[in-house]
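Quantities reported herein were computed from a predicted structural model and do not represent experimental measurements.
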Amino acid sequence: LPEVRMARVDGSTSGGASGPASNIVLLEIENSKIFVAGSGGDATSVLTFEVRDATGAPIDLAHQATVNFRIASGPGGGEGVAPASATTNALGQVTTTVQSGTIAGPIQLVASIPTPVVSSAPVPLSIHGGLPHAGHFSVVAKQLNFAGYNIYGLENPVTAFVGDRYSNPVPPGTSVQFQSTGGIIGGSAGTEALGRATVTLLSASPQPQGIVGAPAPLNEPGYARITAETIDENKQKITANTVVLFSGRTQMSVTPTTFTLQPLKSQLFNYVVSDQNKNPLVAGTNLAVSTDVGTVAGDKNLVLEDTHSRAFTQFSFVLTNANPDSTKAKDATVEIKVSSLNGNGTLTIRGTMLPLK
C-alpha cells in the first residue's frame, strides 16, 4: 500500500513529529463504577490513556512508549488490571481493563512510564454490589400506623433496603418480592442505585386480624406483617419482616366521669384515646383538654407520633379548682377533643366547683 502522510498548511510533509513523553492523561473510562465479580453487573471497565509531549500533543510512533499499569490501592479482593503494560499507538494512546474481585471498595489505578519517569494522576473507580445478604436486608413502611382498618384506598409506601455482605448496595434491578397479611401490596420491585426497592401498601380487604404466633398485642386485630423476599449469593431465599398497624375509628373514654371539687383542690382524670381495637391513632392526631372553670394540667395538648405502641392510648390530666367563687358553687365543664384522620371526637365531663364558704 502507498504511504500516506498528512501535510501541514505551510506545505511541509514532515508530519508534525511530536516530542518525547512528558504527560499521561486519562482520555476515557468505560465505567467508573463496576460490580463485585459474579454479581451479574459489569465487573470490568476499559480505560484509555493518552501520552503527550511537553506541548500537549500526543506522542507519535517515533516516540512510542511502554505504559505500565498498577492498582495503587484497592479492597484486596482479587481485583486486577490487564494488560499490565501496553505500547502507545500512532495516536499516543493505550488501553487496559480493570477487573473487580470479590470485595467491594474503591480502587486507584496509576499509569506510568519508566523512562523518562512519567505517571498519571490516580484514577478512582469503585467496586459495588454483590448479591443480597441476609444481614444487610431490611424492610420498613413509611408509616408504622395508618388509618387503613376502616378507610380503604389509603397508600403507605414500603421500602426494602438490600445490601451485599460488604454493606454495599446490590446491583440495580435486583428483584424483591413483597407480601402482606392485611390490605393489598405491590408484588415486586427492582432495586435502584442505593439498593432500595419500594412498593405501595394499599388499605383494603382483608382487614388484618393480627400476626399469628406474635406476642400480644401484635397478634390482635389491626396488626399486619409485611414480608420482603429476595435471593442471596447462595441461591437461597432470604426474608425481612416489619409490622404495620391498620388503625380504625376513634374511641374515647375517661375516668371519673364527673367531679365535685373543694376550693383549691385537684382531681386526677385518666382518659383513653384509641381505635375500636384498643390501638393508637395515627401520627398527627391532636388531643386537646380544656375547661371553662378552673385550670387543667398534664396531657392537655398533645400531637401523637407515628407508633403502633398501645402506650400511646392512655393519658391523664389534673383539674384544679384554682379560682373558687367566694359565695356560690359553679357548674364546670371539661372537654376532651380529638382531631384525627381516624375520626374526630369530643368527650364532655360536667361537675361542680365549690365556693370558699
Side-chain angles (χ1 to χ4, degrees), residues 1 3-6 15-131 163-174 191-195 233:
L1 295 175
E3 183 177 358
V4 178
R5 290 178 177 270
M6 300 293 290
S18 72
S22 177
N23 190 26
I24 303 174
V25 298
L26 177 66
L27 196 64
E28 184 178 3
I29 181 169
E30 183 183 28
N31 300 306
S32 60
K33 294 180 180 180
I34 55 179
F35 295 90
V36 168
S39 67
D42 288 333
T44 62
S45 181
V46 177
L47 294 87
T48 302
F49 293 87
E50 187 173 84
V51 182
R52 299 174 180 174
D53 66 12
T55 69
I59 62 173
D60 56 20
L61 290 175
H63 296 88
Q64 268 188 321
T66 298
V67 180
N68 298 322
F69 305 102
R70 66 183 178 89
I71 294 177
S73 66
E79 62 277 1
V81 57
S85 64
T87 302
T88 57
N89 61 18
L91 299 176
Q93 297 175 7
V94 288
T95 61
T96 192
T97 299
V98 173
Q99 169 73 50
S100 69
T102 59
I103 300 178
I107 292 180
Q108 286 191 331
L109 179 73
V110 173
S112 63
I113 298 172
T115 306
V117 178
V118 180
S119 293
S120 71
V123 179
L125 298 92
S126 296
I127 301 175
H128 289 274
L131 293 173
D164 67 8
R165 65 172 55 252
Y166 312 109
S167 302
N168 298 123
V170 294
T174 298
T191 58
E192 39 85 275
L194 291 177
E233 58 193 351

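At a threshold of 4.5 Å between non-hydrogen side-chain atoms, the residues I107 and P75 count as touching. At a threshold of 4.5 Å between non-hydrogen side-chain atoms, the residues P172 and F35 count as touching. Side-chain contact check for F69 versus T95: every heavy-atom pair is 4.5 Å or farther apart.
With rounding to the nearest 0.5 angstrom, the OG1 atom of T102 is 9.5 Å from the CZ atom of R165. Put simply, CG on N89 and CD1 on I59 are 9.0 Å apart, with the number rounded to the nearest 0.5 Å. Expressed to the nearest 0.5 Å, how far CD of E79 lies from OG1 of T44 amounts to 14.0 Å. Here E50 contributes atom CD and I24 contributes atom CD1; the two are 11.0 Å apart, rounded to the nearest 0.5 Å. Atoms OG1 and NE2, on T88 and H63 in that order, are 11.0 Å from each other to the nearest 0.5 Å.
Looking at residues two or more places apart in sequence or on another chain, you find a side-chain hydrogen bond (donor to acceptor under 3.5 Å, both in side chains) between D53 and T55. Taking the side chain to side chain contact (heavy atoms under 4.5 Å, CB included) definition, one finds that L61 meets it with Q64, A90, sequence neighbours left out. Every residue two or more places apart in sequence or in another chain was checked for a side-chain hydrogen bond (donor to acceptor under 3.5 Å, both in side chains) with E28, and none qualifies. Checked against side chain to side chain contact (heavy atoms under 4.5 Å, CB included), S32 has the following partners two or more places apart in sequence or in another chain: I29.
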Please tabulate, one pair per line, all N/O donor-acceptor pairs under 3.5 Å involving side-chain atoms of residues 109-127, not counting sequence neighbours.
residue: S120; atom: OG; partner: A111; partner atom: N; Å: 3.0
residue: S120; atom: OG; partner: A111; partner atom: O; Å: 3.4

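Screening residues 114-128 for salt bridge (Lys or Arg N to Asp or Glu O under 4.0 Å), with sequence neighbours left out, gives no hits.
Heavy-atom minimum distance, L91 versus P58: O-CB, 3.2 Å. Between I34 and S45 the shortest heavy-atom distance is CG2-CB, 3.8 Å. Of all heavy-atom pairs between A37 and S100, the closest is N-OG, 3.2 Å. Residue D164 comes nearest to A104 through the heavy atom pair OD2-CB, 4.4 Å, listed as atom of the first residue, atom of the second, then distance. Contact detail for G130 and P171: the closest heavy-atom pair is O-CD, 3.2 Å.
Between the side chain of S18 and the backbone N or O of A57 there is no donor-acceptor pair closer than 3.5 Å.
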